[in-house]
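Input: a single structure, listed below in structure tokens.
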Amino acid sequence: MTHTVSVTGLRKRFGATVALDGVDATFTPGVNGLLGPNGAGKTTMLRILATVLPADDGHLEALGVDPATAEGRLSVRRRLGYLPQEPGFHQHFSAFDFVDYVAILKEWVDRKARHDEVRRVLGLVGLEAVMHKRIRQLSGGMRRRVGIAQALLGSPDLLVLDEPTAGLDPEQRLRFRELLGTDAAGSTVLLSTHQTDDVAALCGHVIVLLHGQIRFTGTPVGLAALATDRVWLATDRDPRAELAWVTGEGRIRHIGEPPAGAHLVEPTVEDGYLVLAGRDAHAGEEAVAS
Ligand SMILES: Nc1ncnc2c1ncn2[C@@H]1O[C@H](COP(=O)(O)OP(=O)(O)OP(=O)(O)O)[C@@H](O)[C@H]1O
Ligand SMILES: [Mg+2]
């Protein structure tokens with residue numbers, strides 16, 4: 001499959017902070033997930049891909065054009081839907097008026113067609129009943145869904161969604177997964193999340209960013225496989241494990257080098273991610289120790 005987005009040698013710093021430290025990645029149509037701890041550089045990368053923020057260095061190609069040029073930027077923006085991590089809503093607008101306003105900015109000039117589209121995207125996120133309420137009267141999860149709705153206007157070829165499922169209830173998360181599979185089918189979706197079960201359920205391709213660098217790129221199954229033979233359950237906490245936590249069933253789930261005879265379990269995407277992040281944390285400790 002041809003790449004719709006590719007970045008090479010992407011770098012970005014904010015003063016002394018290196019947010020992106022030479023990122024190379026390619027994305028194809030389908031859902032691409034971005035995982036990483038707080039401050040890893042996910043938002044910075046998505047803002048660059050959404051043409052909101054220029055990179056300091058490196059090359060970006062999106063939908064066949066170079067957004068470093070004014071023409072390229074315009075052409076990408078016309079085919080882009082973007083949900084920022086913290087959208088600045090006009091709180092006194094109703095959900096309908098806000099999405100309608102974004103649609104006007106997106107050059108939907110015909111009023112009737114535009115209003116139909118605004119109702120369609122608000123329907124996709126289940127906000128029909130409250131679309132005429134002011135945004136400030138909506139719950140946090142509903143506001144998130146207004147943000148998702150505006151990104152879906154016109155079924156864009158490129159959808160950049162920064163933590164779209166943060167704050168959504170379980171039913172709305174399922175609905176979101178389904179709409180990506182139907183309404184966004186054929187587009188290239190780049191989303192960041194802290195929810196590894198979203199990655200397992202949604203993403204064909206996942207990348208893990210740690211300290212502004214890519215540490216994993218592959219499938220969710222491949223990420224989970226990093227923890228193969230390294231996850232076990234026991235009744236008591238094993239102090240030799242790298243990580244251990246109590247499960248809902250009251251047993252202790254461990255990650256690390258299992259002791260002989262340990263009750264090994266099938267790893268999840270979260271386990272794979274934790275193995276990677278743990279390795280990174282240990283590398284940091286060694287660096288401090290030496
Ligand atoms: N506008 C800014 N000015 C200064 N520093 C910034 C700015 N934006 C990001 N940073 C820094 O860049 C680094 C990466 O931030 P970024 O927001 O990309 O992380 P993230 O992976 O999205 O984290 P989170 O999971 O918390 O959303 C952090 O150290 C952050 O403090
Ligand atoms: Mg972020």
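For this chain, numbers begin at 1 and follow the sequence in order. Below, each value reflects all heavy atoms present in this structure, side chains not excepted, and no hydrogens, waters or symmetry copies. Order of listing sets the numbers, starting from 1, for every ligand and every atom in it.
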Please check if any side-chain donor atom of T217 sits under 3.5 Å from a side-chain acceptor atom of H205, or the reverse.
-> yes

Please examine the side chains of L209 and V23, heavy atoms only from C-beta on, and report whether any two atoms are closer than 4.5 Å.
-> yes

Numbered atoms of ligand 1 (with element) below 4.0 Å of H194, judged on heavy atoms = 25 (O)

Any side-chain donor-acceptor pair under 3.5 Å between D97 and S94?
-> yes

Contact check, K12 vs ligand 1, heavy-atom distance below 4.0 Å = no

Check whether any side-chain heavy atom of D21 lies under 4.5 Å from a side-chain heavy atom of R11, and answer yes or no.
-> yes

When distances are taken from atom 29 (O) of ligand 1, the protein heavy atom at minimum range is T17 CG2, 3.4 Å

Is the closest protein non-hydrogen atom to atom 9 (C) of ligand 1 under 4.0 Å?
-> yes

Atoms of ligand 1, numbered as shown, that sit under 4.0 Å from any heavy atom of E163 = 25 (O), 27 (O)

Report for the Mg ion (ligand 2), protein N, O or S closer than 2.8 Å, by chain and number, lists T43 OG1, Q85 OE1

Please report which non-hydrogen protein atom sits nearest to atom 12 (O) of ligand 1, along with the residue it belongs to and the distance in Å to one decimal place.
-> A19 CB, 3.5 Å

Mind telling me whether Y101 and H90 have parallel, tilted or perpendicular rings, with 30° and 60° as the class edges?
-> perpendicular

So do the side chains of V125 and F176 get within less than 4.5 Å of each other, counting heavy atoms only?
-> no

Report the residue from L35, D271, L226 that forms a side chain to side chain contact (heavy atoms under 4.5 Å, CB included) with L276.
-> L226

Do the charged groups of D157 and R78 touch, with an N to O distance under 4.0 Å?
-> no

By number and element, which atoms of ligand 1 are closer than 4.0 Å to a non-hydrogen atom of T44?
-> 14 (C), 15 (O), 16 (P), 18 (O)

Which residue and non-hydrogen atom of the protein lie closest to atom 17 (O) of ligand 1, and at what distance in Å?
-> T43 CB, 3.5 Å

Could you tell me if any non-hydrogen atom of P37 lies under 4.0 Å from any atom of ligand 1?
-> yes

For atom 2 (C) of ligand 1, find the nearest protein heavy atom and state the residue, atom name and distance (0.1 Å precision).
-> F14 CD2, 3.5 Å

Answer yes or no for G41: is there a heavy-atom contact with ligand 1 below 4.0 Å?
-> yes

Considering only protein heavy atoms, which is closest to atom 25 (O) of ligand 1, and at what distance to one decimal place?
-> K42 NZ, 2.7 Å

Let me know which of V130, V118, V146, L127 forms a side chain to side chain contact (heavy atoms under 4.5 Å, CB included) with F96.
-> V118

Hey, are T165 and D198 close enough side-chain-wise for a donor-acceptor pair under 3.5 Å?
-> yes

Between L209, I48, N38, flag the one that comes closest to atom 24 (P) of ligand 1 by a heavy atom.
-> N38

Of all the atoms in ligand 1, which lie at a distance below 4.0 Å from a heavy atom belonging to A40?
-> 19 (O), 20 (P), 21 (O)

Intermediate values then yes/no, side chain to side chain contact (heavy atoms under 4.5 Å, CB included), R136 and F89 | CA-CA 9 Å; R136 67 157 181 251; F89 288 120; over 6 Å; no

Does the protein place any heavy atom closer than 4.0 Å to atom 31 (O) of ligand 1?
-> no

Is M45 touching ligand 1 with its side chain, its backbone, both, or neither, if touching means heavy atoms under 4.0 Å apart?
-> neither

Given V65, L63, L80, the one that forms side chain to side chain contact (heavy atoms under 4.5 Å, CB included) with S75 | V65

Please say whether more than 12 non-hydrogen atoms of neighbouring residues, nucleotides or ligands are located less than 6.0 Å from CD in E178.
-> no

Who gets closest to atom 28 (C) of ligand 1 by heavy atom: G212, A166, G39, S192?
-> G39

Within a reach of under 6.0 Å around CZ of R119, are more than 12 heavy atoms found that belong to other residues, nucleotides or ligands?
-> yes

